[in-house]
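The structure appears below as structure tokens.
Below, chain A is the first sequence line, B the second, and so on; all start at residue 1.
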2 protein chains.
Amino acid sequence: MAPTTTMKRIAGELGVSITTVSKVLNNREDIGHATRARVLAKVAELGYQPNAVARSLTLRRTHTLGIVIPDLMHSFFVEIVAGLEAAVSARGYGLLLCSSNENAKKERAELDMLRQRQVDGIVLASANASGNSDLLRDLTGLGIEIVMIDRDDHTDVRCDRVLTDDEMVGRLATAHLAAQGRRAIAHITGPSIVHAKRRADGYRAALKDAGIALRPHWMVKGGFMESDGYRGMKKLLAVTPRVDAVFASNDPAAIGAMKAIWEAGLRVPENIAVVGAGDIALGDLLRVPLTTVGWSREDQGRRAAELMLERLDGGAAAKGRFQRVVIPPYLVVRRSSGGAA
Amino acid sequence: MAPTTTMKRIAGELGVSITTVSKVLNNREDIGHATRARVLAKVAELGYQPNAVARSLTLRRTHTLGIVIPDLMHSFFVEIVAGLEAAVSARGYGLLLCSSNENAKKERAELDMLRQRQVDGIVLASANASGNSDLLRDLTGLGIEIVMIDRDDHTDVRCDRVLTDDEMVGRLATAHLAAQGRRAIAHITGPSIVHAKRRADGYRAALKDAGIALRPHWMVKGGFMESDGYRGMKKLLAVTPRVDAVFASNDPAAIGAMKAIWEAGLRVPENIAVVGAGDIALGDLLRVPLTTVGWSREDQGRRAAELMLERLDGGAAAKGRFQRVVIPPYLVVRRSSGGAA
DNA sequence: CCGGTTTGCTTTACCGTTAAAGTAACTTGA
DNA sequence: TCAAGTTACTTTAACGGTAAAGCAAACCGG
């Protein structure tokens, strides 16, 4: 194994002190022209690379961030990670990737791991921060910056947040269906988290704006899984008069709903129009391409990175109030809502 | 900002030496029962967490691995990362995620970054290791273990490899088409890398096994992108007598091929059967579900992790010859090949 | 030509941890 | 009863780097 090139070695071979080498590498003023040149030559000759671990220890900055997401198999989070990674690596930061597997205990373990590794900051896309806000407060107390993705609760954790406007998601989806002339617009709700509740709020608000009275049984309890949408739609199909449109709380649920509709011998969008939310990848390659409301996850990741880096590297000016950045949702019209080619 | 709890602080409050605390935490034998209990109590009281950076510096082990992939937006690599992350975090290792964006220069930069951060090992899913095998040799020379994913070239880099059997991929796809009674089976090749060449070898071998003579023009140059498949199929549609099946070198190319077929007013699989390779996510939600040959990327990531950890933590026994682990491919029959429901 | 400043370097200390060597006090065994 | 362990610690040094203080030699103005 090749001997590692350290500043000590460079200093030794040149007959100067280690500090001199350090100063050259950090562009300090008080080193003479000749010495600087000699050191630089040696550095190039030996291919010296600084040891980031040692550097981190003295500087008390690792230039490393942690990202904790609930599930690596979900394209949703991966897109956030992609946006984050790009922004973060461009600024010379490393990114420690952690998956909590939707499990609060594993999340705790990952957060502890990140703490021990002395990361400068953590971006948290928590499925379930609920149990862990004590830990999060500890972390901020230790000077670890936190940016939360898609979480508007746990307001006792002092951090920036990057989220979408979930009420607008529900509004856009529902208003679009109303604009297509649908009048019996149902909603398969999500799980009991703020996001889903706000989407339902948007649904109700858009119905009202369209002058449609919300009928009983139009809102059925669902969830964020395909099977939830399937079950929810089964229930809706029993409602008379039959609904002519449904807004599912996310895309997987919408896909489940379409399956239930087809099973019942009905057609999408002719009999029932369907709109989802989330704009998942390949959504346009489905048997019936799915109309959905999305927002840029890459932006979400990128903005999270920017907030974080601003706090870490920005001047004192950056240390102001914690921010809530909202990524605006957009409507993607495809065949399932009967709205486009 | 809360004061960080260090061993020094614990030692101070207890009136013992730092080493004593260290020994307790590392379960050394030579500490008395009473002292051990006092230290442990203090550790619990102050919620002490070891500083991994300092630990890494003395131990010369960071318990951190790097993973370098070409593209985070491609589900293929993400699945590998998922398998890797699970295995690695279960063993207490951290994972630094890097994307090379299919760019040899960025890859170099990321590898340098990982070297400076003193990672114990690097898992490399290189789109283009070509230019960087010098760097890779440097890294192994420094004692950084490397595991290459899906790469069988650069044999001068001493490392383990986890790959699939690409010839078998081509064989399975082609033999399946032959088994469906197709006789004019074309192939849209991939880019000029070993993988693609081996898939083409498998294609030729399976044709031979089926007693089909390979006709000129049946093999057209393609690539791994949807547009490559589209263009390749356009060319194939001009061949007479018309082919009745096509094996595309990967799934995106197969999707492109299907689009070209539909544009020509033909049907899949009735007129032309299509098989891809890779088994990308959501492949079964396509307008015509795609028959494909896949292999478990999670396994690939997991096996990479196992090889790596075995080398890092395993006894001397593990330091033997470098291994080539082959992940077996499997056939997924869906509608596009006319083979299933 | 002498006190003070500037220039260009070195010395010392520290970041938080572990390993190796050192050392008292307390057993042993013959 | 005393040399030779054994037990339970402490001291010292090191990992690779940075920051602060120190210090000679050259330079400068009056």
Original post:
Looking across every strand, which nucleic acid part, if any, lies under 4.0 Å from A:Thr6 by heavy atom: base, sugar-phosphate, or nothing?
Top reply: sugar-phosphate
Original post:
How would you label the contact of B:Lys23 with the nucleic acid (heavy atoms, under 4.0 Å): base, sugar-phosphate, or nothing?
Top reply: base
Original post:
Looking across every strand, which nucleic acid part, if any, lies under 4.0 Å from B:Val16 by heavy atom: base, sugar-phosphate, or nothing?
Top reply: sugar-phosphate
Subject >> Contact under 4.0 Å: A:Tyr48 side-chain N or O vs D:dG17 OP1/OP2 >> reply: yes
Original post:
Will you find, in the side chains of B:Asn132 and B:Glu107, an N or O donor that is under 3.5 Å from an N or O acceptor?
Top reply: yes
**OP:** Select base, sugar-phosphate, or nothing to describe what A:Thr4 touches, counting heavy atoms under 4.0 Å on all strands.
**Re:** nothing
**OP:** Answer yes or no: is there a side-chain heavy-atom contact under 4.5 Å between B:Glu45 and B:Lys42?
**Re:** yes
Subject >> 5' precedence on DNA chain C between B:Ile18 and A:Ile18 (nearest-nucleotide basis) >> reply: A:Ile18
Original post:
Are the side chains of A:Thr20 and A:Thr35 in touch, meaning some heavy atoms are under 4.5 Å apart?
Top reply: yes
Original post:
For the side chain of A:Ser22 and the base of D:dA19, is some donor closer than 3.5 Å to an acceptor across the two?
Top reply: no
Original post:
Counting only side-chain N and O atoms of A:Thr35, is one of them less than 4.0 Å from OP1 or OP2 of C:dC9?
Top reply: yes
Subject >> Nearest-Å distance for atom pair CG/C1', residues B:Asp30 and C:dA24 >> reply: 14 Å
Original post:
So do B:Met308 and B:Val123 actually touch side chain to side chain, heavy atoms under 4.5 Å?
Top reply: yes
**OP:** Please report, rounded to the nearest Å, how far the P atom of D:dG16 is from the CG atom of A:Asn26.
**Re:** 17 Å
**OP:** Classify the nucleic acid contact of A:Arg28 as base, sugar-phosphate or nothing, counting any heavy atom under 4.0 Å across all strands shown.
**Re:** sugar-phosphate
**OP:** Report yes or no: is there a donor-acceptor pair, N or O only, under 3.5 Å between the side chain of B:Thr19 and the base of D:dT11?
**Re:** yes
Original post:
NA contact type, B:Ile31, heavy-atom cut-off 4.0 Å: base, sugar-phosphate, or nothing?
Top reply: sugar-phosphate
Original post:
Base, sugar-phosphate alone, or nothing: which one does A:Leu57 contact when heavy atoms must sit under 4.0 Å apart?
Top reply: base
